[in-house]
Amino acid sequence: MPISALMAVYGDTKVGFKIDIRLVLDTAHDEHDLLSVEVAKTADNTKLHHDLSKLLREAKDTFDANMDNILEQLFDQPTTWFMQVEGLEGHLGSLQLDHATGMYVAVHQGKIRFPKNLSLFKEFHDTFVTLMSMMSDLERSAFMIRNSIDMADDSRSSFGRRIWAPIISTGSKPGHRLHVPHLRYYSPPRNIVHAAKLPTGLFGPENTSYRSSTSSSRPS
């Protein structure tokens, strides 16, 4: 989803929304992102901030896509996860939606440290517990997505598409009833500042096209 969303804004087939590592759930229909990771051997603050902003936008897109694949009866507060690693240290975070305010909430879940040698392996305990907690939550999200898809497939095969399609369209999915995806800003190709575009839908629902952030209207 992020690559297609980025291309919808900038229309450049040579541009990719590159993420270093993805953990995905592979189904017969599609690949569903669960975890995004950015890795740097060493990095300055500018690089780290840029990578974090990419991960947050990626987490939003992943959350939106996964919400559209979870049936209401299986809905259980889904989250998406992201990890930023520099050298042998990093941070884990998750993103979820506050339905009361409609705001995305990013939560820092913990710091991770990989041991440099066997003598430091005992210190890996806290990191291991944090990673297992993340994996348990990713499994929960994968369960919601896969079972929702299986239930939809079973219903289609049992009752036919004409009976099942109205059920989907009238709100069996939380993505249609509880959640409205928000437009978001994407960094321009190759970080060319003057090529940046803002979603005009951010300033009103009547127009969701994208415009250049450097353009301005002039009276004729």
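Note that the numbering runs from 1 along the sequence shown for the chain.
Residue Phe121 places its CZ atom among 12 or fewer non-hydrogen atoms of other residues, nucleotides or ligands, all under 6.0 Å distant.
Using modelled atom types, one side-chain atom of Thr127 and one backbone atom of Arg113 make a donor-acceptor pair closer than 3.5 Å. A donor-acceptor pair is defined here as one N or O able to donate and one able to accept, closer than 3.5 Å; such a pair exists between the side chain of Asn66 and the backbone of Asp33. Between the Thr130 side chain and the Asp126 main chain, a donor and an acceptor come within less than 3.5 Å of each other. For Ser136 (side chain) and Ser133 (main-chain N/O), no donor-acceptor pair under 3.5 Å exists by modelled atom type.
Note that the NZ atom of Lys116 and the CG atom of Leu88 stand 6.5 Å from one another [nearest 0.5 Å]. Rounded to the nearest 0.5 Å, atoms CG (Leu35) and CG (Leu25) are 13.0 Å apart. Atoms CG and CD, on Leu52 and Glu58 in that order, are 13.0 Å from each other to the nearest 0.5 Å. Rounding to the nearest 0.5 Å gives a distance of 7.0 Å between OG1 of Thr42 and CD of Glu86. The structure places CZ of Phe124 at 8.5 Å from CD1 of Ile112, a figure rounded to the nearest 0.5 Å.
Annotation: salt bridge (charged side-chain N to carboxylate O under 4.0 Å, His left out) contacts of Lys47 (sequence neighbours excluded): Asp51. Checked against side chain to side chain contact (heavy atoms under 4.5 Å, CB included), Thr101 has the following partners two or more places apart in sequence or in another chain: Asp98, Met103. Residues meeting the side-chain hydrogen bond (donor to acceptor under 3.5 Å, both in side chains) test with His108, sequence neighbours left out: His91.
In terms of hydrophobic clustering, with Ile, Leu, Val, Met, Phe, Trp and Tyr side chains grouped at heavy-atom distances under 4.5 Å, Phe114 and Leu118 are assigned to different clusters. Note on Leu48 and Val37: separate hydrophobic clusters, where clusters join Ile, Leu, Val, Met, Phe, Trp and Tyr whose side-chain heavy atoms are under 4.5 Å apart, directly or indirectly. Each of Phe63 and Val107 belongs to its own hydrophobic cluster when Ile, Leu, Val, Met, Phe, Trp and Tyr are linked at side-chain heavy-atom distances under 4.5 angstrom. In the hydrophobic clustering of this structure, Ile21 groups with Met134; members are Ile, Leu, Val, Met, Phe, Trp, Tyr whose side-chain heavy atoms approach within less than 4.5 Å, directly or through other members.
In this structure the side chain of Thr62 never reaches within 4.5 angstrom of the side chain of Trp81, judged on heavy atoms. Side-chain contact between Leu131 and Met83 is present, with at least one heavy-atom pair separated by less than 4.5 Å. Side-chain atoms of Phe143 and Glu139, non-hydrogen and from C-beta on, never get closer than 4.5 Å to each other.
Shortest non-hydrogen contact noted between Leu95 and Tyr104 is CD2-CD2, 3.5 Å. Between Leu34 and Ile145, the shortest heavy-atom contact is CD2-CD1, 4.3 Å. Across all their heavy atoms, Ser94 and Gln109 have their closest contact at OG-NE2, 2.7 Å. What you find for Leu55 and Ser36 is that their closest heavy atoms are CD2-O, 3.7 Å. Between Ile19 and Arg22, the shortest heavy-atom distance links the atoms CG1-NH2, 3.7 Å.
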Can you check side chain to side chain donor-acceptor pair (under 3.5 Å) on Thr79 and Asp137, steps first, answer last?
CA-CA 8 Å; Thr79 58; Asp137 196 62; 2.3 Å; yes
